[in-house]
Amino acid sequence: MISDSPRKTDYTEWVVAFFDVLGFDRLVNQSAWNNEEQKDALNKLNKLIHILERSIPTLDSMVSESVPQEVIPRHIYISDSIICHARIA
């Protein structure tokens, strides 16, 4: 049976930051070319991906142990964007 009364929704406040990695698209496009620029673009692209994989966990490790885990920003990176989000305490 479907109830006509509205369900109560609990909301929480979050802060979200989007970081765009400038030049990422150009590197991806150049990496498809078949020449010396391709090798250079692939090297730069690999270095950039490595930096992205290391940077946020490195920053997370610098957070004081006194900071509650639920307010430490979480992150994800998708294509040329890093997205960080944290619950507001």
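Throughout, numbering of the chain's residues begins at 1 and tracks the sequence. Quantities reported herein were computed from a predicted structural model and do not represent experimental measurements. The analysis underlying the following values was restricted to heavy atoms, covering all of them including side chains, and did not include hydrogens, waters or symmetry mates.
The distance from the CG atom of D20 to the CD1 atom of I83 is 10.5 Å, given to the nearest 0.5 Å. Remark: R74 CZ to W14 CH2 distance equals 8.0 Å, nearest 0.5 Å.
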Problem set entry | From CA spacing to verdict: side-chain contact (heavy atoms from CB on, under 4.5 Å), S81, F19 | CA-CA 5 Å; S81 298; F19 300 94; over 6 Å; no

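Hydrophobic cluster membership is shared by F18 and I78, with clusters built from Ile, Leu, Val, Met, Phe, Trp and Tyr side chains linked at under 4.5 angstrom.
Scanning for side-chain hydrogen bond (donor to acceptor under 3.5 Å, both in side chains) contacts around R54 gives H50, with sequence neighbours left out. Every residue meeting the side-chain hydrogen bond (donor to acceptor under 3.5 Å, both in side chains) condition with S66, not counting sequence neighbours, appears here in chain and number order: S64.
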